[in-house]
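Keep in mind that this is a model prediction, so the values were computed, not measured.
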Amino acid sequence: MGIFKKINFGLRKTRKNVSGAIDNVLDSYTSIDQELFDELEEALVMGDVGVSTASEITLRLNDIVRKKGIKNPADVKTEIKDIVADMLEGGEDMGLITIPSVILVIGVNGVGKTTTIGKLAARYKAEGKSVILAAADTFRAAAIDQLDVWAERAGVDIVKHKEGADPAAVIFDTISAAKARGTEIIICDTAGRLHNKKNLMEELGKIYRVIDRELPYSDREVLLVLDATTGQNAVNQAREFAKIAEITGIILTKLDGTARGGVVLSIKNDLKVPVKFIGVGEGIDDLQPFNPKAFAEGLFEALPEDYEEDDIDLSKIKEEVESVTNTEENELAQAMGEIFEAMAEIQAEDAENVETQAQVEDADIVDESEVIEDAVETVTEEIADETIEEPKEEENPKKKKGFFGRLFG
């Protein structure tokens, strides 16, 4: 079953409550007036949307009806659906990029916190991410054992101490293990003793300090788990927790088992805290990322029986991620191989050019030497030709007669 079907099916009780009441109001009017808006607001309040949120929806609706000139009450429902979708938009994505990133899960006992952590771990594991759990709810009996079972079921690591241990110490050891193993996601279970705010605030304060010291630049989410079946009490819990913790998002569980799903609007609009995940069933894959469009559609319109949607098979997500990764690695290796081959060819050509150049230079040197030798020989011969040889002495040379010789000779 795909995400739209899961959410739509999970909202069937809420849809019957909210959308059914709105349909009854619109069917009883033939024109649009202020009385219609008042009854619509009342229907929204009865659907656990909250007083202030219901008032804002009807104010927006009144303005849109006037601007568009809508006259038929039957056309109003579409506008309400668009307003709801717009109000729910923003902040629903999980901004986890750093390795590791931290998810701190808080909430009172009984809301399904441990089960939600297990399902969250299974979802990230199916997406191909490495996950480690921190069993930091050390004060509730069997909390560690329950989380241990979920860790085994999801196929992820877990760090745990004995019951009654310091939760901050568990968080520290988990962070150390995540760093050593290169784990991508750390999910921390914490105690939820809202009845004793001081102790809970001190405990969370210690945990925050450990995370800030050990992972100062990590992305982190502080998610509050709420039980949708408690309606406006869930909003009150969120308001109280917001006073002692920096809540970044809400996980709303048991949405399929209640008609009070309109509380999502109250949480988002009144508390300005986005809904990150919703639980729409008991299965391990029934924890769904919150989709504003799918929620708005499911709140007012049931999907047709022949509606077809591609199922999201979490078991195949990891295989697809690994396949893509392997393909990219192969392509990269092939490209690097081609680069190395090209570099080798270039180096060989350079070596050949160098050798050829050396040979040419050697030949030039030889030629120049021969030229020089020839020139020297030629010059030598020319000099020899121009040189005047001295006359050789005669064997019996005649003595020259001097003055007295000529006189007496």
Salt bridge (charged side-chain N to carboxylate O under 4.0 Å, His left out) assessment of K293 paired with D82 | CA-CA 9 Å; K293 181 180 179 181; D82 292 341; over 6 Å; no
Trace of the side chain to side chain contact (heavy atoms under 4.5 Å, CB included) decision for I144 with D137 | CA-CA 7 Å; I144 299 174; D137 186 356; over 6 Å; no
Decide yes or no on salt bridge (charged side-chain N to carboxylate O under 4.0 Å, His left out) for E297 and K81, but give the supporting numbers first.
-> CA-CA 7 Å; E297 290 286 344; K81 182 171 61 178; 3.5 Å; yes
For K68 and E79, what are the C-alpha separation, side-chain angles and deciding distance, and is it a side chain to side chain contact (heavy atoms under 4.5 Å, CB included)?
-> CA-CA 10 Å; K68 291 186 176 182; E79 301 301 332; 3.2 Å; yes
Tell me, with the steps shown, if Q288 and R123 meet side chain to side chain contact (heavy atoms under 4.5 Å, CB included).
-> CA-CA 9 Å; Q288 295 290 325; R123 168 168 283 276; 3.9 Å; yes
Steps toward side chain to side chain contact (heavy atoms under 4.5 Å, CB included) verdict (L224, V273) | CA-CA 10 Å; L224 174 63; V273 180; over 6 Å; no
Do E240 and K243 pass the salt bridge (charged side-chain N to carboxylate O under 4.0 Å, His left out) test, and can you show the C-alpha distance, the side-chain angles, and the key distance before you say yes or no?
-> CA-CA 5 Å; E240 292 300 316; K243 295 177 182 178; 3.3 Å; yes
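Looking at heavy atoms from C-beta onward, D189 lies out of side-chain contact with L133 at the 4.5 angstrom threshold. Counting only heavy atoms from C-beta outward, the side chains of M94 and L223 approach each other to under 4.5 Å. Here the side chains of D93 and K276 are not in contact, with every heavy-atom distance at 4.5 Å or above. Counting heavy atoms from C-beta on, the side chains of V149 and D145 never come closer than 4.5 Å. A heavy-atom distance below 4.5 Å is found between the side chains of K268 and P274. Side-chain contact between I132 and I158 is absent, with no heavy atoms from C-beta onward closer than 4.5 Å. When side chains are defined from C-beta on, K160 does not count as touching L147, because their heavy atoms never get closer than 4.5 Å. Side-chain contact between F37 and L59: absent, with no pair of heavy atoms (C-beta onward) separated by less than 4.5 Å.
Side-chain N or O atoms of K179 include one that pairs as donor or acceptor with a backbone N or O of E214 at under 3.5 Å. Remark: the backbone N or O of L215 is paired with a side-chain donor or acceptor of S218 at under 3.5 angstrom. For the pair N72 (side chain) and D75 (backbone), a donor-acceptor distance under 3.5 Å is absent. Checked by atom type and distance alone, the side chain of S101 never pairs as donor or acceptor with a backbone atom of R220 at under 3.5 Å. Side-chain atoms of E92 do not come within 3.5 Å of backbone N or O of P289 as any donor-acceptor pair.
Side-chain atoms of D166 and H161 include no donor-acceptor pair closer than 3.5 Å. For the residue pair K113/T190, the side-chain donor-acceptor check at 3.5 Å is not satisfied. In this model, no donor atom of one side chain and acceptor atom of the other lie less than 3.5 Å apart for S52 and S55. With no hydrogens or angles considered, no side-chain donor-acceptor pair links R181 and T183 at under 3.5 Å. With 3.5 Å as the limit, one finds a donor-acceptor pair spanning the side chains of Q34 and D38. Between the side chains of N269 and E56, at least one donor-acceptor pair of N or O atoms lies under 3.5 Å. With no hydrogens or angles considered, a side-chain donor-acceptor pair links Y29 and E39 at under 3.5 Å. Between T138 and E163, the side chains place no donor N or O within less than 3.5 Å of an acceptor N or O (distance only, hydrogens not considered).
Aromatic ring orientation, F277 versus Y124: perpendicular (interplanar angle above 60°, classes split at 30° and 60°).
Separating the CG atom in L120 from the CD1 atom in I185 is a distance of 8.5 Å, to the nearest 0.5 Å. The structure places CD1 of I99 at 7.0 Å from OG of S130, a figure rounded to the nearest 0.5 Å. Within the model, atoms OG of S19 and NZ of K77 stand 3.0 Å from one another, a figure rounded to the nearest 0.5 Å. Atom CH2 of W150 is separated from atom OG1 of T116 by 8.5 Å, given to the nearest 0.5 angstrom. One distance of note links CD1 of I103 with CD1 of I186; it measures 10.0 Å at 0.5 Å rounding. With values rounded to the nearest 0.5 angstrom, I83 atom CD1 is found 12.5 Å from T53 atom OG1.
The minimum heavy-atom distance linking P292 with L88 is given by the pair CG-O, 3.7 Å. Looking at every heavy atom in both residues, G231 comes nearest to V263 through O-CG2, 3.3 Å. For the pair S266 and V235, the tightest heavy-atom approach, listed with the atom from each and the gap, is OG-CG2, 3.8 Å. Nearest heavy-atom pair across V275 and F290 is O-CB, 3.3 Å. Looking at every heavy atom in both residues, V45 comes nearest to V51 through CG2-CA, 4.0 Å. Pairing each heavy atom of V84 with each of A296, the nearest pair is CG1-CB, 4.2 Å.
Under a cut-off of 6.0 angstrom, the local environment of NZ in K272 is crowded, with over 12 non-hydrogen atoms contributed by other residues, nucleotides or ligands. Counting non-hydrogen atoms of neighbouring residues, nucleotides and ligands closer than 6.0 angstrom, the CD atom of E89 exceeds 12 such neighbours.
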